[in-house]
Amino acid sequence: MKSAFWNSVYALFFVALVLLGSDWLVKEGFLSRYISLGDFLLMALAIFRLVRLTSYDVITAFVRDGVANAPKDSFVGTFSQLIHCPWCTGLWFSFFVVFAFYALPIAWPIILILALAGVASLIQILSNLIGWHAEGKKREVQRV
C-alpha cells in the first residue's frame, strides 16, 4: 500500500512540475504551439539518449545500484523503480528536455549532442543486429 502512496507522490509532483513549468513558459512567452519536425526529432533523439543513459548504461550503474536494494514501499524504492523503467524515465526526461529547449538557449547544443549520441547509439545497435544476423547465417551455412 505504501508503494501506491509513493507512486502517487511522484505522479502528483510530476503533474505539478509540468503545470508550473508550462505556465511559466507561457507567461514568459517562450512556449510555441508550433514545433518544426527537425526540432521534434532532435528532442526525441536527446530523450532517447537520456533514457538509455539513465536506465541502461554502465556510467550510471552506480546510481541504479545505489538504490536497487531500497525497500520497494519507500521513497527511494519508488525512485529505484522509476530509473529502472525506460517508459517512466522517458516521461520525465520528455518534460525536462522540452522545458530546457524552450527556456534555456544554452540547452540547444546539449540537446544536439545528446541527439547525435542517440543517432550513434541507434547506428551501433543496427550494426550489431546486422553482424549478429550475418554470424548466424554463416554458422547455418557451415552446419550444412
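Quick note: residue numbers are just sequence positions, from 1.
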*Applying side chain to side chain contact (heavy atoms under 4.5 Å, CB included), run through F99 and L17 and close with a yes or a no.*
CA-CA 10 Å; F99 184 85; L17 199 61; over 6 Å; no
*Run the side chain to side chain contact (heavy atoms under 4.5 Å, CB included) check on Y102 and V26 step by step: do they pass?*
CA-CA 10 Å; Y102 284 112; V26 168; over 6 Å; no
What distance separates [X] [atom1] from [Y] [atom2], expressed to the nearest 0.5 Å?
X	Y	atom1	atom2	result
F5	D73	CZ	CG	11.5 Å
I83	Y56	CD1	OH	12.5 Å
L53	R49	CG	CZ	5.5 Å
I123	N128	CD1	CG	12.0 Å
I130	I125	CD1	CD1	12.0 Å

Does the [X] side chain pair with the main chain of [Y], one donor and one acceptor, at a distance under 3.5 Å?
X	Y	result
S74	P71	yes
T89	P86	yes
T60	V63	no
S80	V67	yes
S55	R52	no

_Whether F96 and F93 hold their rings parallel, tilted or perpendicular, with breakpoints at 30° and 60°_ =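 Because their plane-to-plane angle is over 60°, the rings of F96 and F93 count as perpendicular.
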*Where does the angle between the aromatic ring planes of Y10 and F75 fall among parallel (under 30°), tilted (30 to 60°) and perpendicular (over 60°)?*
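Geometry flag for F75 against Y10: parallel rings.
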Over all atoms of both residues, closest heavy-atom pair of [X] and [Y]:
X	Y	answer
G77	A70	N-CB, 3.7 Å
F30	A103	CD1-CA, 4.3 Å
A100	A107	O-CB, 3.4 Å

*D57/R64 salt bridge by N-O under 4.0 Å criterion*: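 No, this pair does not count.
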*Establish, yes or no, whether a centroid distance under 6.0 Å links the rings of F79 and W6.*
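For F79 and W6, the ring centres are not under 6.0 Å apart.
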Hydrophobic cluster membership, [X] vs [Y], 4.5 Å side-chain cutoff:
X	Y	value
I110	V97	yes
L12	L20	no
L116	V51	yes
W92	V9	yes
L104	F101	no

*Between L114, I111, I47, L37, which is the residue that forms a side-chain contact (heavy atoms from CB on, under 4.5 Å) with L42?*
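That would be I111.
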*asked:* Tell me if the CG atom of D65 is crowded by more than 12 foreign heavy atoms within 6.0 Å.
replied: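 Correct, the count exceeds 12.
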*For I59, does the CD1 atom have more than 12 heavy-atom neighbours from other residues, nucleotides or ligands under 6.0 Å away?*
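At most 12 heavy atoms, drawn from other residues, nucleotides or ligands, come within 6.0 Å of this atom.
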*Give the intermediate values and the outcome of side chain to side chain contact (heavy atoms under 4.5 Å, CB included) for residues L91 and W87.*
CA-CA 6 Å; L91 190 60; W87 293 274; over 6 Å; no
*Indicate yes or no: at least one non-hydrogen side-chain atom of L122 is less than 4.5 angstrom from one of L126.*
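They are not in side-chain contact.
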*Are M43 and I35 close enough, and set up right, to give a side chain to side chain contact (heavy atoms under 4.5 Å, CB included), and what steps lead you there?*
CA-CA 11 Å; M43 286 189 276; I35 184 168; 2.7 Å; yes
Under 3.5 Å, which donor-acceptor pairs do the side chains of residues 137-144 form with other protein atoms, sequence neighbours left out?
none

_Listing request: all salt bridge (Lys or Arg N to Asp or Glu O under 4.0 Å) pairs with a residue in residues 12-32, at least two apart in sequence or in separate chains._
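Those involving residues 12-32 are D23-K27.
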